[in-house]
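One structure below.
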Amino acid sequence: MYIGVDCGTQSTKVVVVDVERGAILGEASRPHRLDEGENGRREQAPSEWLAALKGAFFSALERAGISAEQVRGIGVSGQQHGMVALDADGAPVYPAKLWCDTETSVQNSELVARLGGEAGCLEKLGLVLQTGYTASKIAWLREHQPDAYRRIDSLLLPHDYLNFWLTGERVTEAGDASGTGYFDTRTRRWQLDVFAEIAPELDPQRVLPRLLEAHEPAGVVRPLAARELGLGDDVVVSSGGGDNMLGAIGTGNITPGLITLSLGTSGTVCAYSPEPVICDNAMVANFCSSTGGWLPLICTMNVTSATTRIRELFGLDLAAFSEQVASAPVGAEGVTVLPFFNGERVPMLPEASADFLGLTSLNTTQENLCRAVVEGATFGLRYGLELLGDLTAGASQIRLIGGGANSPIWRQMVADITGTEVICPEITDAAALGAAIQAAWCDQRSQGVTLESLCQRMVHLDAQSLAEPNLARVEAYQDVYTRYTQALKQRHQGV
């Protein structure tokens, strides 16, 4: 039995799997509180992650009908980019600033300039620094919270922090480290010259976690945590990774030819590559995978976070919201939404706000506004898909994950907007499943068990979720998508 944990923005999920039977035995989740403020501040207390992990852990075991003593390994997936700065006692010096925090956009622009612009970033890191990466968060803390900054003894990511609580080890792996902004994604090493630009007073040998290979364990669960969770001795904790990397494993996206698309709080599109991807577009992140390869991806910041705002504005539950979306025509009768409530990363508009365009006395209806915000979020993902170019151009299938993947209407919309077949894994929280698969790989690799065989055994596709593109709607969406891209161009030009 293996446990997969996914610490996301809104909740922590836990899944229990039996890899011998290829079965998912139980799942559970517990919510987090998000602290939001002016200027794009979005933070969480790491203690909330721990409380959610424990609650979901015990609930998932109960639903699985097994005891904690039967667990052999744990894998942890976490929201990327979050800054978890700890003091010498392992306590946070400041709340974790999250991937969706845009308060640090000024510091990010300054860092990009000091590194030689986009070309300099690509040369040093293999990608271009973005607002939301960890680097600008550290620079912000140095400038705005100097007392907290001076107390830093370790700099971890959210999944690293949970691994630290479980094992006492301060380690990370290349996939999640790729999103820090001070890691060379081509050579898989910390880029110490860049780190010195960000935090010149901090000793990287002391504050940065030790790098692991994807198949290496972070350690075993320490005795105090084992007693608290009821685990037996020597339970392995795998290297873990960022939610995008573990989500790719959980969809079987570990070889070329597949696309994983996530409709979560944020949205991601990624495809596996056996070698680094050299891209001249700053919005494509040449991240490493958590399997030993690479996972180039794009990330949009407003997906279910945007649709939820409109749904709650109208006081609709999910079923009623879906009915409204379904009752409006393709293109929402001319309404276009740029749903940038949290700023945006792709396209690169970190300080943007949302726009509702094309409203008239005839088309300003609840159903059109609901449909237009879902279309806008999906158009952003198509925009990103096109940026990945040849890597995704020949893909025959999109594997859809995240909370939005549970909506049949949204699945069909993705198929129609991209012109590609869409299908979901049986478990749409693929990051938690991927974490459990990685834990089994870490534990059983010495016995000759491969990651490919584990994915074949554990990743089951839901035939009922299959959505084939409707040719008439595919054609209709071409004009609507053009309308969206023209609105983007005007936003870039400040019109």
Side-chain angles (χ1 to χ4, degrees), residues 243-244 246-272 295-300 302-304 306-307 318 321-322 325-326 328-332 339 346 370-389 391-431 433-434 455 458-478 480-481 484:
D243 51 1
N244 294 306
L246 276 299
I249 295 175
T251 60
N253 189 353
I254 60 172
T255 55
L258 288 177
I259 297 169
T260 298
L261 191 152
S262 174
L263 300 176
T265 305
S266 62
T268 56
V269 182
C270 61
Y272 177 85
L295 196 73
L297 60 80
I298 66 91
C299 176
T300 67
N302 300 272
V303 183
T304 62
T307 61
L318 285 169
F321 180 75
S322 294
V325 173
V330 167
V346 175
C370 290
R371 185 175 188 97
V373 74
V374 179
E375 289 183 339
T378 311
F379 288 146
L381 290 164
R382 171 174 166 175
Y383 182 87
L385 187 66
E386 292 173 350
L387 293 177
L388 289 171
L391 195 64
T392 57
S396 59
Q397 188 181 79
I398 292 174
R399 296 192 175 177
L400 203 63
I401 61 174
N406 293 315
S407 166
I409 294 164
W410 208 339
R411 292 196 297 267
Q412 187 62 53
M413 189 182 290
V414 173
D416 295 338
I417 287 175
T418 64
T420 308
E421 176 184 287
V422 167
I423 195 166
C424 297
E426 287 184 356
I427 176 170
T428 56
D429 187 0
L433 176 59
C455 285
M458 291 302 309
V459 179
H460 309 299
L461 301 180
D462 178 9
Q464 298 299 315
S465 72
L466 180 67
E468 298 278 3
N470 177 290
L471 295 181
R473 287 195 292 268
V474 169
E475 185 175 348
Y477 267 124
Q478 297 302 323
V480 183
Y481 180 65
Y484 170 85

So how far is it from Ile427 CD1 to Ile401 CD1, rounded to the nearest 0.5 Å?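 So the CD1 of Ile427 and the CD1 of Ile401 are separated by 10.5 Å.
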Can you tell me how far apart OG1 (Thr378) and CH2 (Trp410) are? Round to the nearest 0.5 Å.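 Answer rounded to 0.5 Å: 5.5 Å.
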Apply side-chain contact (heavy atoms from CB on, under 4.5 Å) to [X] and list each qualifying residue two or more places apart in sequence or on a separate chain.
{"X": "Asn244", "result": "Gln80, Thr268, Leu297"}
{"X": "Ser465", "result": "Arg411, Ile423, Cys424, Asp462"}
{"X": "Ala372", "result": "Ala332, Val335, Val337"}

Pairs in or reaching into [range]: which pass salt bridge (charged side-chain N to carboxylate O under 4.0 Å, His left out), with residues at least two apart or in two chains?
{"range": "residues 248-264", "answer": "none"}
{"range": "residues 374-386", "answer": "Arg371-Glu375, Arg382-Glu386"}
{"range": "residues 246-259", "answer": "none"}

Mind checking what makes ring pair (Phe, Tyr, Trp, His ring centres under 6.0 Å) contact with Tyr383, not counting sequence neighbours?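 In terms of ring pair (Phe, Tyr, Trp, His ring centres under 6.0 Å), with neighbours along the sequence ignored, Tyr383 is linked to no residue.
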Residue list, ring pair (Phe, Tyr, Trp, His ring centres under 6.0 Å) with Phe321, at least two apart or on another chain: none
Residue pairs involving residues 467-476 (criterion side-chain hydrogen bond (donor to acceptor under 3.5 Å, both in side chains); sequence neighbours excluded):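 Non-adjacent pairs meeting side-chain hydrogen bond (donor to acceptor under 3.5 Å, both in side chains): Asp416-Arg473.
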Side-chain donor-acceptor distances from residues 255-267 under 3.5 Å, at least two apart:
residue : atom : partner : partner atom : Å
Thr260  : OG1  : Thr251  : OG1          : 2.8
Thr260  : OG1  : Asn253  : ND2          : 2.9

